[in-house]
Every structure is written in structure tokens, then in C-alpha cells.
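Naming: A, B, ... by sequence-line order, numbering from 1 per chain.
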Amino acid sequence: MQLATWNVNSLNVRLPQVLAWLATNPVDVLALQELKLTDDKFPVQAFTDAGYHAQWFGQKTYNGVALLSKTPAENVIRNIPGFDDEQSRVLCATIDGVRVIGAYFPNGQEPGSDKFAYKMRWLDAMREWVRAELQQHPQLVLMGDYNITFDDADVWDPVGLRETIHCTTEERNQLQSLIGLGLHDAHRLFEHPPKTFSWWDYRMLGFQKNRGLRIDHILISDALKARTTACEIDRAPRKNPQPSDHAPVVLTIGA
DNA sequence: ATGGCAAGTTTAACTTGA
């Protein structure tokens with residue numbers, strides 16, 4: 001079984017790339033972030049034709065998430081229960097016996113800003129909700145665009161970007177508190193070359209110079225860790241014409 | 001120290017992203 005996450009930065013623009021990627025990477029579950037479209041504009045027929053069920057939770061202009069799956073999603077939840085949020089950032093469902101949470105974590109913009117405070121509140125709520133979900137669903141994956149680096153190994157220029165957004169101690173502490181629930185960073189369970197990233201700035205020839213960050217993560221529970229055989233970032237779509245700034249991350253698990 | 005690219009909306013200059 002394979003599960004993947006990809007921030008597509010506008011599904012309107014990226015739909016042909018998503019379909020092409022699925023054709024060559026027929027994963028069982030794909031979580032999408034940054035749809036940037038309203039629910040009525042979601043291209044459900046295209047995914048149906050490709051053999052996928054879909055759950056979607058869109059919004060005008062910003063945010064928006066979806067879960068594509070070869071088998072139907074059950075027990076679906078939109079956004080974090082009990083956390084009043086006007087932004088569409090979370091879809092949760094049980095798929096093939098795995099509790100799947102796909103999430104677009106807030107960007108935070110700048111430490112000290114209102115958006116950073118929102119990011120911290122959102123992370124607090126996410127942690128407490130995931131704590132509860134884990135108790136009911138031992139087989140759990142939390143994947144998406146976290147907008148947080150674990151440590152300097154996830155940063156192309158740790159000195160220049162020290163304590164800037166995605167790299168602050170506060171954000172990293174939040175990420176570690178998710179790990180503290182009993183989750184594991186699937187990427188770090190395996191060997192990867194240094195400076196393996198999942199996002200590159202559109203500017204400054206970021207991708208060509210590998211000036212990137214690893215901010216798209218797949219966190220897995222103990223029970224899923226025992227089944228996991230691989231976790232890879234697929235850089236290929238970043239080489240497409242008109243690419244998303246993020247690359248997909250793919251988790252492979254056995255029976 | 002800043003902007004540099006991309007996408008969407010307000011369609012021309014802005015906001016946001018990361």
C-alpha cells in the first residue's frame with residue numbers, strides 16, 4: 001500500500017500534472033493541499049475516471065484539501081473538531097483500515113505576526129485532536145504540508161534562515177510535540193542524501209540550485225512504522241513545466 | 001536590507017505563499 005501527499009498550489013493549474021503523476025504512481029491514497037478552488041469547482045469526474053474516490057474540502061482563493069483513494073473513505077472529518085476555523089485545511093478519513101489525516105498547516109508568515117499566533121493555536125488544537133484520534137486508531141498517518149522544518153538538516157541555508165518562518169524554535173517544538181504523541185517522521189526512518197528537500201522557492205533558481213526546505217512530512221504511528229518499508233520524495237514533478245513549488249512525498253507500507 | 005516567482009482576485013496592482 002502506498003500513501004502520498006502533495007501540495008499542488010492550485011488544482012486548477014495542476015490537475016493535468018496530478019493525473020499524469022497518478023498514472024505513473026498509482027498510489028492508494030493521495031492527500032492534496034492548496035487546491036485554491038471552491039467545492040463546486042472540484043474536478044471529481046476526472047478523478048473518478050482515473051479510478052479514484054475523492055473527498056474534498058475547498059475554499060475560495062486559498063487553502064483547500066482533498067483525499068483521493070482507490071477504496072472509499074469512511075468516517076470523514078473536515079477540519080479539527082472543536083477548533084473554530086474559517087480556513088479549509090484538514091481532511092481525515094479511514095481508508096483500508098488506516099486513519100489518514102491530510103493537512104495543510106498554516107504558513108505563519110512571520111514570527112510575532114497574527115498569522116504566526118494562529119499557526120501556534122492551530123498546532124495546539126491539532127496536537128490534542130491527534131492525541132485523541134491515536135487512542136481510537138492505532139494505525140494512523142498524519143501527512144501534508146507542515147510548513148515546519150524538523151531541524152537544520154531540512155534547511156538549505158540554516159545560518160541565513162535561522163529563526164525565520166518554518167525554522168523557528170517555537171515551530172520546531174510544536175513539531176516535536178506531535179512526535180511526542182508517539183508518531184515518527186517516516187522520512188528519517190530511512191537513508192537519504194544530505195539536503196533532501198520537498199519545497200523549493202520559485203525565485204532565485206531555487207530548484208536548480210537545490211535551495212529548498214523539507215516541510216512536507218509523513219508522520220506515522222508505531223503500528224504503521226512496523227509496516228513501513230520506504231518513504232521517498234519524488235522530485236520529478238518539480239521538473240515539469242509550470243510545476244508546483246512542492247514535490248510529492250510517498251510512503252510505502254506492507255500488509 | 002530587499003526582491004527575485006507564481007497564483008488568484010480586485011484584472012493592475014494587491015495579497016499571500018514559503
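Put simply, NE2 on A:His217 is 12 Å from P on B:dA18, counting in whole angstrom units. Taking atom CZ of residue A:Phe116 and atom C1' of nucleotide B:dT16, one finds them 17 Å apart after rounding to whole Å. If you take CG of A:Asn7 and P of B:dG17, they are 12 Å apart, rounded to a whole angstrom. Rounded to whole Å, atom P of B:dC5 lies 9 Å from atom CG of A:Leu205.
Contacts of residues 103-113 of chain A with DNA chain B (heavy atom under 4.0 Å): A:Tyr104, A:Asn107, A:Gln109. Shown for residues 145-156 of chain A: residues whose heavy atoms fall under 4.0 angstrom of DNA chain B, namely A:Asp145, A:Asn147.
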Could you pull out the protein-nucleic contacts involving nucleotides 2-4 of chain B (nitrogen or oxygen on both sides, under 3.5 Å)?
{"unit_1": "B:dG4", "atom_1": "N7", "unit_2": "A:Arg203", "atom_2": "NH1", "d": "2.8"}

Enumerate the protein-to-nucleotides 7-10 of chain B contacts in which both atoms are nitrogen or oxygen and the separation is below 3.5 Å.
{"unit_1": "B:dA7", "atom_1": "OP1", "unit_2": "A:Arg14", "atom_2": "NH1", "d": "2.9"}
{"unit_1": "B:dA7", "atom_1": "OP1", "unit_2": "A:Arg14", "atom_2": "NH2", "d": "3.1"}
{"unit_1": "B:dA7", "atom_1": "O3'", "unit_2": "A:Ser10", "atom_2": "OG", "d": "3.4"}
{"unit_1": "B:dG8", "atom_1": "OP1", "unit_2": "A:Ser10", "atom_2": "OG", "d": "2.6"}

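Partners of A:His184 by ring pair (Phe, Tyr, Trp, His ring centres under 6.0 Å), not counting sequence neighbours: none found.
Salt bridge status for A:Asp152 with A:Arg172: present, with a side-chain N to carboxylate O gap under 4.0 Å.
Contact annotation for A:Asp216: no contact, since no heavy-atom pair falls under 4.0 Å across all strands. Nucleic acid contact class of A:Ile215 (heavy atoms, under 4.0 Å, all strands): sugar-phosphate only.
The ring pair (Phe, Tyr, Trp, His ring centres under 6.0 Å) analysis of residues 223-245 of chain A, with sequence neighbours excluded, yields no pairs.
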